[in-house]
Amino acid sequence: AIFLAILCAGMYREVKVYDVFVEGAKEGISTVVRIIPPLVGLLVAIGVFRASGALDLLVYAVKPLATLLGIPSEVLPLAFLRPISGSASLALVSDIIKTHGPDSFIGRLASTMMGSTETIFYTLAVYFGSVGVKNIRYTLVAALLADFVSVMASVWICTVVFGR
């Protein structure tokens with residue numbers, strides 16, 4: 001129905017719909033070419049981060065502070081990986097749910113965190129890379145702060161609603 005509405009609106013306004021479509025497709029391809037290098041760099045960085053053991057080291061270092069804040073250590077890898085990669089964090093959530101169950105506090109917390117946080121670095125790479133923005137420092141700081149608040153809000157809400 002939407003496709004037909006677009007065609008009818010184009011015919012009504014005497015727009016060459018196919019030519020406009022082809023021109024838009026050309027712009028889409030050039031956008032893809034512009035964002036491929038940042039995406040490849042991001043994917044390589046994720047692979048190196050996980051394979052090197054840096055994620056495990058970071059979780060180990062932050063564990064005492066997380067315990068103080070009421071964040072279970074089982075969801076710490078998710079809190080660190082979610083801003084970087086959606087697919088890697090989805091795999092972590094799947095593992096957490098298989099291990100602890102979907103109705104456990106940790107399973108519910110992981111699901112809530114997954115839904116309330118964003119893949120910051122991926123989003124910045126795609127959207128800012130597509131328009132050529134290189135100075136992202138204020139956006140990055142604001143996004144990381146929002147992600148931290150989302151993690152803390154997830155812990156608080158799950159504790160209030162589901163208990164421990």
Side-chain angles (χ1 to χ4, degrees), residues 2 24-67 69-162 164:
I2 293 173
K26 286 180 188 176
E27 289 178 25
I29 290 172
S30 67
T31 299
V32 167
V33 168
R34 277 196 314 266
I35 66 172
I36 284 177
L39 283 177
V40 169
L42 183 62
L43 293 173
V44 169
I46 292 167
V48 169
F49 183 64
R50 291 188 74 192
S52 69
L55 179 61
D56 297 331
L57 185 63
L58 185 61
V59 167
Y60 179 76
V62 177
K63 198 173 186 177
L65 178 64
T67 302
L69 295 172
I71 303 171
S73 62
E74 293 87 353
V75 296
L76 280 178
L78 176 63
F80 289 124
L81 205 54
R82 178 69 172 144
I84 301 170
S85 171
S87 58
S89 56
L90 185 59
L92 276 174
V93 169
S94 178
D95 288 344
I96 289 170
I97 289 174
K98 283 179 188 172
T99 303
H100 299 282
D103 293 330
S104 67
F105 178 76
I106 292 170
R108 289 175 174 170
L109 177 58
S111 298
T112 305
M113 285 174 61
M114 185 70 176
S116 63
T117 55
E118 178 60 58
T119 53
I120 297 167
F121 293 100
Y122 174 81
T123 304
L124 289 176
V126 169
Y127 293 114
F128 282 7
S130 69
V131 294
V133 174
K134 298 201 188 299
N135 188 1
I136 62 168
R137 68 175 173 233
Y138 297 118
T139 305
L140 180 60
V141 169
L144 288 173
L145 180 63
D147 191 70
F148 176 74
V149 169
S150 295
V151 167
M152 294 309 300
S154 296
V155 171
W156 180 75
I157 287 171
C158 285
T159 302
V160 169
V161 172
F162 303 117
R164 280 215 169 220

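Put simply, the side chain of Thr112 gets close to the backbone of Arg108: a donor and an acceptor are under 3.5 Å apart. In this structure, the side chain of Thr119 does not engage the main chain of Gly86 through any donor-acceptor pair within 3.5 Å. Checked by atom type and distance alone, the side chain of Ser52 pairs as donor or acceptor with a backbone atom of Phe49 at under 3.5 Å.
Considering all non-hydrogen atoms of both residues, Ser150 and Ser116 come closest at OG-O, 3.0 Å. In terms of heavy-atom proximity, Ala79 sits nearest to Val151 at CB-CG2, 4.2 Å. Taking all atoms of both residues into account, the shortest heavy-atom contact from Phe80 to Leu55 is CB-CD1, 3.8 Å.
From Met152, atom CE reaches atom CD1 of Ile157 across 11.5 Å, with rounding to the nearest 0.5 Å. Rounding to the nearest 0.5 angstrom, the gap separating the CG atom in Leu78 from the CE atom in Met114 is 7.0 Å. Between atom CD1 of residue Ile120 and atom CD1 of residue Ile136 there is a gap of 10.5 Å, rounded to the nearest 0.5 Å. Atom CG of Asp103 is separated from atom OG of Ser111 by 9.5 Å, given to the nearest 0.5 angstrom. The distance from the CG atom of Leu81 to the CG atom of Leu92 is 5.5 Å, given to the nearest 0.5 Å. Here the CD1-CE distance, from Ile106 to Met113, works out to 11.5 Å after rounding to the nearest 0.5 Å.
Looking only at side-chain heavy atoms (C-beta outward), His100 and Glu74 come within less than 4.5 Å of each other. Counting heavy atoms from C-beta outward, Leu144 and Phe148 have side chains that stay 4.5 Å or more apart. You'll find the side chain of Leu140 reaches within 4.5 Å of the side chain of Phe121, heavy atoms only.
Remark: of the listed residues Val59, Leu109, Val155, Val93, Leu109 is the sole one forming a side chain to side chain contact (heavy atoms under 4.5 Å, CB included) with Val75.
Counting non-hydrogen atoms of neighbouring residues, nucleotides and ligands closer than 6.0 angstrom, the CZ atom of Phe162 exceeds 12 such neighbours.
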- I would like to know whether Phe105 and Thr159 meet side chain to side chain contact (heavy atoms under 4.5 Å, CB included); could you show each step before the answer? CA-CA 8 Å; Phe105 178 76; Thr159 302; 3.6 Å; yes
